[in-house]
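What you are looking at is a predicted structure, and each value in this text was computed from that prediction instead of being measured.
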Amino acid sequence: MTLRLTNTLSRHLEDFRPLEPGKVSIYCCGVTVYDLCHLGHARSYIAWDVLRRYLIWRGYAVTFVQNYTDIDDKILNRAAEEGSSMQAVSERNIDAFVADMARLNILPADRMPRATQSLGAIRALIEVLEAKGAAYSADGDVYFAVMKHAGYGKLSGRDLSEQQDNAAGRVATEEEARKQHPFDFALWKGTKPGEPSWESPWGPGRPGWHIECSAMVREELGDTIDIHLGGADLVFPHHENEIAQSEAASGKELARYWLHNGMVNVGGQKMSKSLGNFTTIRALLDSGVSPMTLRLFTLQAHYRKPLDFTAEALEAAATGWKGLNAALSLTAAGCSTAITPAQGPSDPAALPPDLAAARSRFAAAMDDDLNTSAALAVLFELARPLRALANRLERGDGAAATEATDPALAARGQLLQELAAVLGLRPEATAAGTMSDAEIELQIEARRAAKAGRDFATADRIRDSLKAQGIELIDKPGGLTDWLRS
RNA sequence: GGCGGCAUGGCCAAGUGGUAAGGCAGAGGAUUGCAAAUCCUUUACCCCCAGUUCGAAUCUGGGUGCCGCCUCCA
């Protein structure tokens with residue numbers, strides 16, 4: 001079986017073959033750290049985290065590099081607004097990014113270069129481009145000459161002569177005058193009063209956005225990498241420009257596979273800062289949506305397709321996750337001593353036939369351009385009996401305790417946990433209430449007394465009040481009541 | 001105007017030639033003072049038109065609708 005990925009360069013599904021057998025180098029476009037990350041970022045980085053975990057599971061040694069853009073107009077604007085510095089804004093948002101990603105169980109990149117720490121590499125690359133005649137300087141700025149680069153447009157499939165100049169209406173006219181061609185873009189911007197700047201052969205200034213990624217890839221991973229990742233909105237101009245810069249400088253292909261994730265939409269429109277229709281990751285998580293619910297929500301759709309964010313869909317994911325979590329928690333909590341967490345990839349040959357088949361269906365789904373939706377279906381099927389058992393165990397079913405020692409079930413639990421981990425799904429502790437056990441028992445006793453006196457209004461009031469504090473009551477035959485923190 | 005993508009049950013969403021995964025919701029049953037939770041069971045011919053084929057959601061052509069990008073963007 002071969003992993004197949006949709007390569008934006010060809011617009012087709014291609015067999016994935018790394019440059020060096022067994023090794024994969026990946027560069028992922030990171031965030032501009034002017035603000036908190038929203039669900040669009042979450043979706044993107046969850047998708048790429050799954051790609052990375054899957055490659056690792058398949059036995060590849062993966063090197064994953066992701067940048068922080070910490071030199072940018074938006075960061076400067078933010079700093080000006082709050083009377084702080086570009087560095088202060090950046091540092092704060094980098095800390096927030098790290099924390100948000102950790103909550104979502106996204107593996108930290110192996111290396112995370114920052115623009116401010118890559119000035120040497122950036123200047124060196126611009127010098128190469130200038131020496132090769134691919135760049136020109138004008139009034140302290142340096143621009144890349146798109147017409148000098150033969151392949152310009154190959155990623156986004158664009159013919160520059162067909163493009164409407166300034167279709168988005170955002171071009172600064174004074175900058176246009178310095179350019180030889182409207183689509184030329186800045187490699188280096190001459191300093192402006194009051195802005196941070198760095199020394200360079202072209203005078204003090206700061207790097208343009210596109211050049212940092214080219215410089216970082218070159219410095220961290222070399223001229224050609226296996227996979228380059230990013231959001232679909234980066235295809236043009238960012239990735240197109242990255243290709244132009246890197247390939248003009250090295251004469252070699254920048255990346256063999258370009259993968260792009262679809263946007264998160266709200267009411268049919270792209271979630272973005274500029275539209276103001278965004279929900280930040282932490283706002284969502286702080287509102288009580290669990291990280292794994294968000295993960296499941298994003299993985300239910302294919303990574304290339306747009307994903308509509310609605311309260312209903314999120315709620316559906318939350319309920320779905322509850323069931324999966326019950327099965328995973330059974331494994332993790334060791335309710336059965338026979339079930340222990342899996343350590344790395346299982347050996348299909350050692351599995352019972354039904355589990356081996358499930359494992360192979362999972363792998364086939366993932367091999368098919370990371371079809372996480374189909375892969376999740378396998379997880380749900382694996383989870384079904386475990387989830388039923390977990391729920392019976394929680395409710396003190398005596399027979400369930402015996403069933404839980406069944407080795408076949410243990411193997412199933414182990415496989416479930418292994419495959420869930422490939423998707424970055426891990427058991428999640430449910431939110432614990434603040435009441436002590438004794439207090440809860442007291443309330444249950446009061447409710448029992450009320451029920452005995454047929455005062456159901458009081459009984460229901462007690463039940464509702466406990467429910468509001470996250471305590472779920474389960475009435476059982478014989479007038480007994482169990483409770484769970486949910 | 002150019003480039004790219006999408007259209008599957010009430011909602012989300014797999015499936016790219018052989019007779020529709022999975023999740024949520026709904027329905028029925030078990031259980032309950034009533035619930036909740038849980039368990040079991042259950043629900044679609046795939047935007048429209050034409051064509052290719054023994055056979056199409058799946059291929060071809062033509063429509064319609066929606067989205068992304070065309071120098072802020074994951």
Letter per nucleotide, 5' to 3', of nucleotides 12-18 of chain B [B base touched, S only sugar-phosphate touched, - untouched; heavy atoms, 4.0 Å]: -SSS---

Sugar-phosphate or base contact per nucleotide [nucleotides 33-48 of chain B; S, B, -; heavy atom under 4.0 Å]: BBBBSSS---------

Cut-off 3.5 Å, side chains only: do [X] and [Y] have a donor facing an acceptor?
X	Y	result
E14(A)	S10(A)	yes
N67(A)	E212(A)	yes
Y68(A)	N93(A)	no
N261(A)	S44(A)	yes

Residues forming a side-chain contact (heavy atoms from CB on, under 4.5 Å) with R384(A), sequence neighbours excluded: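 side-chain contact (heavy atoms from CB on, under 4.5 Å) check on R384(A) returns E381(A).
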
Qualifying residues under side-chain contact (heavy atoms from CB on, under 4.5 Å), relative to N77(A), sequence neighbours excluded: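 side-chain contact (heavy atoms from CB on, under 4.5 Å) check on N77(A) returns nothing, list empty.
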
Sugar-phosphate, base or nothing in reach of E315(A), heavy atoms under 4.0 Å: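 Contact class for E315(A): none.
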
Inter-nucleotide C1' distance (C67(B), G61(B)), Å rounded: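 Their C1' atoms lie roughly 24 Å apart.
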
Atom [atom1] of [X] to atom [atom2] of [N]: distance rounded to whole Å?
X	N	atom1	atom2	result
L423(A)	G23(B)	CG	C1'	14 Å
Q163(A)	C69(B)	CD	C1'	9 Å
N261(A)	G68(B)	CG	C1'	12 Å

Do any side-chain atoms of residues 96-103 of chain A form donor-acceptor pairs under 3.5 angstrom with protein atoms, and if so which ones, sequence neighbours left out?
residue: D100(A); atom: OD1; partner: R282(A); partner atom: NE; Å: 3.1
residue: D100(A); atom: OD1; partner: R282(A); partner atom: NH2; Å: 3.0
residue: R103(A); atom: NH1; partner: D286(A); partner atom: OD1; Å: 3.4
residue: R103(A); atom: NH2; partner: D286(A); partner atom: OD1; Å: 3.2

Positions of residues 65-77 of chain A (non-hydrogen atom under 4.0 Å from RNA chain B), listed by number: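 Listed by number, they are K74(A).
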
W321(A) backbone acceptor or donor facing N325(A) side chain under 3.5 Å: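 Side chain of N325(A) to backbone of W321(A): no pair is present.
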
